Amino acid sequence: MSIDFISDELKELKDRALLRHLRTVEGPQDSYIQVNGKSYLSFCSNNYLGLANHPRIKEAAIEAIHRYGWGAGASRLVSGNMTLHEELEKKIAEFKGTEAALLFPTGYVANLGALCALTGKGDVVIGDKLNHASIIDGCRQSGATFRIYPHNDVCHLETLLKRHASFRRRLIVTDSVFSMDGDTAPLPEIVEVAGRYDALIMVDDAHALGVFGQQGKGMIEHCNLHGKIDIIMGSMSKALGSIGGFIAGDRNLIDFLKNKARSFIYTTALPPAACAASLAALELIRENPSLREKLWDNITYLKSRLSQYKNAPAVQSPIIPLVIGTAEETLRVSEKLYQCNILIPAIRPPTVPAGTSRLRISLMATHTTNDIDRLIEAFEKTGALIVAV
Ligand SMILES: *Cc1c(COP(=O)(O)O)cnc(C)c1O
């Protein structure tokens, strides 16, 4: 058996402008990052509030290392369950307004673990076409029947619910903020239709935590849907600038997942210092609404700067997709921006559907209006923004 297929496939990816490579960041994550010894203005991290390099969070992590060491040593159920895991779970539940919460090493495996534990053969999971890859992988691995509705199409969702009424369990799953499009799900309508067809709802709130809601608690707070979402998934790796995923919900749900979610049971617990960092981040978000306000000021400012262009994307969150089309052209624009010392990687298939390759701009609270002006200027140079006549 020859492994030539690997070089063949790599070559094919390269020929189709779909080959991916890693770029090395040589310093901390911030609005300016160091690459190849040069400083680049970054519009491509999920570190929306700039917390990944915040002094108070670094301090909290260091203090936790002094007190608890670095590694957790084992899975939670064996001996890795430490004070800080429980403190963080309590804090997340409080933040999300649920009875309990359960930590996972990442958001990816939180989705995988929950979906596979909650559904299986005889059940149907119905999800949005643009759901995050971790949801899709969870649905596929669960063994449940998996149905997809066109993006945000609640009418079609209702048709699918009707069509699958005889299944043992129906679970609707959606991102709250879509990770590659930055738009939001019609959660109130989804809740309404779920009620009528006796379906469970799971919401992936990864990009909304720290960004949406009066107190930054996420999309459920923003839409006033407390107690209406059965399973809330979130991640500490986005606005919290940390690492780890979670599921929040009723105490029973959490006890069930502790017993059934394989990606919780068979993996090592998060390092306690990571939990300390997430705890500090949640406190900062609670104490400093100005962080979130600054982010939204930047969103509003970019939106106004974009409005004069014919191909201005919709702006609903810190994620703003400028759809270019082909992978080749998107790479070209991305490389041109790179030459202007601006970092926005090309997002290409299979992350997004073919023909919709894009530059995914993401904003941070720590960007200045001057940074945003520089972005617009650079975009004009690439020809990616078309001036309206
Ligand atoms: C990033 C992301 C995840 C995965 O979270 P990690 O903690 O990075 O593994 C899940 N869902 C959505 C919508 C995301 O954007």
Side-chain angles (χ1 to χ4, degrees), residues 22 25 29 44-49 51-52 85 88-89 92 95-96 101-116 118 125 127-142 148 151-152 171-185 187 190 201-212 218-220 222 229 231-248 257 261-264 267-271 274-275 277-279 281-282 316-321 345 347 350-352 358 360-364:
L22 293 169
V25 177
Q29 288 292 340
C44 52
S45 93
N46 304 313
N47 178 24
Y48 304 121
L49 301 175
L51 298 185
H85 298 115
L88 179 55
E89 286 174 342
I92 289 169
F95 215 72
K96 288 298 195 185
L102 188 65
L103 290 175
F104 290 76
T106 67
Y108 183 100
V109 301
N111 271 332
L112 225 57
L115 285 161
C116 291
L118 289 163
V125 186
D128 190 286
K129 173 96 171 62
L130 297 185
N131 275 344
H132 190 260
S134 56
I135 295 180
I136 294 169
D137 292 357
C139 292
R140 285 188 185 143
Q141 283 185 30
S142 71
I148 288 173
H151 183 45
N152 280 346
L171 173 69
I172 303 168
V173 59
T174 182
D175 285 14
S176 61
V177 178
F178 289 88
S179 53
M180 294 300 139
D181 291 72
D183 59 343
T184 60
L187 289 187
I190 292 174
I201 310 178
M202 174 166 168
V203 171
D204 178 333
D205 215 20
H207 289 282
L209 179 61
V211 175
F212 281 87
M219 196 54 85
I220 289 118
H222 180 77
I229 309 295
I231 304 125
I232 303 171
M233 176 273 173
S235 169
M236 265 85 69
S237 68
K238 306 287 156 77
L240 303 200
S242 184
I243 180 78
F246 65 82
I247 299 288
L257 291 178
R262 295 172 64 86
S263 67
F264 169 82
T267 196
T268 300
L270 281 168
C275 299
S278 299
L279 275 162
L282 286 170
Q316 297 178 33
S317 73
I319 304 166
I320 298 124
I347 308 283
T351 307
V352 293
R358 65 197 66 186
R360 175 184 181 271
I361 306 164
S362 44
L363 287 173
M364 295 172 60

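By convention here, the first residue in the shown sequence is residue 1. Counting starts at 1 for both ligands and their atoms, in listed order. None of these values were measured; they are calculated from a predicted model.
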Which residues pass the salt bridge (Lys or Arg N to Asp or Glu O under 4.0 Å) test with D175, sequence neighbours left out? none

Any salt bridge linking R360 with D181? Criterion: basic side-chain nitrogen under 4.0 Å from a carboxylate oxygen. no

Less than 6.0 angstrom separating the ring centers of F178 and H151, yes or no? yes

When you check the side-chain N and O atoms of D205 and S176, is any donor under 3.5 Å from an acceptor? yes

Looking only at non-hydrogen atoms, find the nearest pair between F104 and F246 and report the distance. CD1-CA, 4.4 Å

Rounded distance (nearest 0.5 Å) linking atom CD of Q141 with atom OG of S263: 9.0 Å

Residues lining ligand 1 [heavy-atom distance under 4.0 Å, listed by chain and residue number]: T106, G107, Y108, N111, H132, S134, D175, S179, D204, A206, H207, M233, S235, S237, K238

